[in-house]
Amino acid sequence: TLFPYTTLFRSASDRANCGACGRACAAGEFCSAGLCRIVCTPLTMCGSACVDLNTSATSCGACGRVCPTGANASPSCAMGSCGLTCVTGYGNCDGATFTGCEVNLRTSTSHCGACGSACPARANASPICSAGACGYVCNPGYADCNGAAADGCEVDVARSVSNCGACGTVCPPRANASPTCAASACGYVCNAGSGDCDGFTSNGCETSLTTSESHCGACGRTCPAGQACTAGACVALSPPRPIAPLATTTVLSARPLFKWELATGTTGVSLQICRDRGCATVVTEFVVTGTSGRSPVSLSVGRYFWRMRGR
């Protein structure tokens, strides 16, 4: 009378007759409660599968314990604890699982390429992170002309005469002037005593404001007749004293030689040869340095008058 029960008991654990006579369990399986089951050691049977509770993201530390997902990440399990595996280029820099991998390591200047890798500040520039590598962009009006990252954007191209408006743009020198750069445009400032009275850049500050009788002290300031420009001021000059030829003198040369004595403070004269005593008709006028000078033109036979003013 016990035989049927004995057979049933054996079929509940017998690999050759698991749950029924002749139902054999496959290799690597064992019979438990009449069912063929997989041998999981050292894994754990979760449902009908062997699971590594140390690494399974769907049974992490215990069967059925599913690890949560996060932004820019895939769930992971390590040593039975849930975590995250970040998508390439992202990082979990705050350490919080619920925020996922919240940082883009390719563009973040605070975490460039790796969490905590901050891009350094540079002079006159803004840091940038591109493809996970630090760099910088110069502020308006500045440039990195030496290519050295250590000093950032070291040149003020709005004012540098060596790099005016752009690296390597040198403001050219001008006569009697100093080059300038203002608002990224080249210019020049006349030296003391010189002026740009013709307005041409090519010849710089061509005029001496200390001696020019047409531009005495400033462009366009003309000294009146009988005055000369001395140290930038128009001053009255004593007239030179004529020596030869004097009145009523007959001169045989068509280009006579004139002589005079200079007044104090003068170095030469402006001489006119005229047809009348009042010099209403001027035949020729010339400037001479020193105490004598010959007419630059040949004079025809006739009566002439001459007069001078010191220079």
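We count residues from 1, following the sequence as given. Every value quoted in this text rests on a predicted model; they were computed, and no experiment measured them.
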(message) Within the structure provided, determine whether E102 and Y90 are in side-chain contact (heavy-atom separation under 4.5 Å).
(response) no
Practice problem: Look only at the side chain of R294 and the backbone of R255, and say whether a donor-acceptor pair between them is shorter than 3.5 Å. | Solution: yes
Here the disulfide bond (SG atoms under 2.5 Å apart) pairs for residues 260-311, sequence neighbours left out, are C274-C279
Are the gamma sulfurs of C63 and C46 separated by less than 2.5 Å?
yes
Handout entry: Under-2.5 Å SG separation for cysteines C145, C167
Key = yes
So CZ of R309 and OG of S238: to nearest 0.5 Å the spacing works out to 14.5 Å
Q.
Check the SG atoms of C67 against those of C60: under 2.5 Å or not?
A. no
*Treating Ile, Leu, Val, Met, Phe, Trp and Tyr as nodes and any side-chain heavy-atom pair under 4.5 angstrom as an edge, say whether V288 and M308 lie in one connected cluster.*
yes
In short, G89 meets N104 closest at the heavy-atom pair O-OD1, 3.4 Å
query: Below 2.5 Å, is that where the SG pair of C234 and C216 sits?
result: no
Indicate yes or no: at least one non-hydrogen side-chain atom of C205 is less than 4.5 angstrom from one of R174. no
For the cysteine pair C197/C219, does the gap between the two SG atoms stay under 2.5 Å?
yes
Look at the side-chain heavy atoms of Ile, Leu, Val, Met, Phe, Trp and Tyr, link any pair under 4.5 Å apart, and say whether F305 and I243 land in one connected group. no
Shortest non-hydrogen pair, S59 vs V51, comes out as CB-CG1, 3.7 Å
For R221, the salt bridge (charged side-chain N to carboxylate O under 4.0 Å, His left out) test, sequence neighbours excluded, returns none
Is the C18 SG less than 2.5 Å from the C25 SG?
-> no
Sorted by chain and residue number, the salt bridge (charged side-chain N to carboxylate O under 4.0 Å, His left out) partners of E154 (sequence neighbours excluded) come out as none
message: Would the pair C181 and C164 meet an SG-SG distance criterion of under 2.5 Å?
response: yes
One should read off an interatomic distance between D198 CG and T207 OG1, to the nearest 0.5 angstrom, of 6.5 Å
T58 meets the side-chain hydrogen bond (donor to acceptor under 3.5 Å, both in side chains) criterion, sequence neighbours left out, with S56
Output for pair (R277 CZ, R307 CZ), nearest 0.5 Å, gives 12.5 Å
Do the cysteine sulfurs of C115 and C93 sit under 2.5 angstrom from one another? yes
Just by distance, do the side chain of D156 and the backbone of Y142 share a donor-acceptor pair under 3.5 Å?
no
request  = Using the rule that two of Ile, Leu, Val, Met, Phe, Trp, Tyr join whenever any of their side-chain heavy atoms come within less than 4.5 Å, decide whether V161 and V155 are in one cluster.
outcome  = no
Sorted by chain and residue number, the salt bridge (charged side-chain N to carboxylate O under 4.0 Å, His left out) partners of D276 (sequence neighbours excluded) come out as none
Nearest heavy-atom approach of Y136 to A149 is OH-CA, 3.3 Å
Item to check | Gamma sulfurs of C101 and C86 within less than 2.5 Å | outcome: yes
### Query
Does the H111 side chain pair with the main chain of G116, one donor and one acceptor, at a distance under 3.5 Å?
yes
Checklist entry - In terms of hydrophobic clustering (I, L, V, M, F, W, Y; side-chain heavy atoms under 4.5 Å; direct or indirect links), are I273 and V251 co-clustered? => result no
The ring-ring contact (aromatic ring centres under 6.0 Å, His included) partners of W260 (sequence neighbours excluded) come to none
Taken to the nearest 0.5 Å, the spacing of D52 CG from C77 SG works out to 8.0 Å
On a heavy-atom basis, the closest approach of L84 and T97 is CD1-O, 3.6 Å
(request) Using the side-chain hydrogen bond (donor to acceptor under 3.5 Å, both in side chains) rule, take S212 and S214 through it: C-alpha gap first, then chi angles, then the decisive distance, then the call. (result) CA-CA 5 Å; S212 172; S214 299; 4.7 Å; no
- May I ask you to decide if T169's main-chain N or O and N163's side chain share a donor-acceptor pair within less than 3.5 Å? no
Correct closest heavy-atom pair for L246 and T249 would be O-OG1, 2.8 Å
Q.
Counting only heavy atoms from other residues, nucleotides and ligands, does the tally under 6.0 Å from CZ of R159 exceed 12?
A. no
Stepwise disulfide (SG to SG under 2.5 Å) test for C112 and C134: CA-CA 7 Å; C112 190; C134 284; 3.8 Å; no
### Query
Any side-chain heavy atom of W306 sitting closer than 4.5 Å to one from P256?
no
Report task. Go through the steps to decide whether C129 and C119 satisfy the test disulfide (SG to SG under 2.5 Å), and finish with yes or no. Result -> CA-CA 7 Å; C129 178; C119 294; 4.9 Å; no
(message) Would a single hydrophobic cluster contain both V297 and L271, if residues Ile, Leu, Val, Met, Phe, Trp and Tyr are joined by side-chain heavy-atom contacts under 4.5 Å?
(response) yes
Rounding to 0.5 Å, atoms CG (N124) and CG (D144) come to a distance of 10.5 Å
- Check whether any side-chain heavy atom of T284 lies under 4.5 Å from a side-chain heavy atom of S295, and answer yes or no. yes
Note: A73 and V87 closest approach over all heavy atoms is N-CG2, 3.8 Å
dist L299:CG -> R275:CZ (nearest 0.5 Å) comes out at 8.0 Å
Tell me whether C223 and C229 have SG atoms closer together than 2.5 Å. no
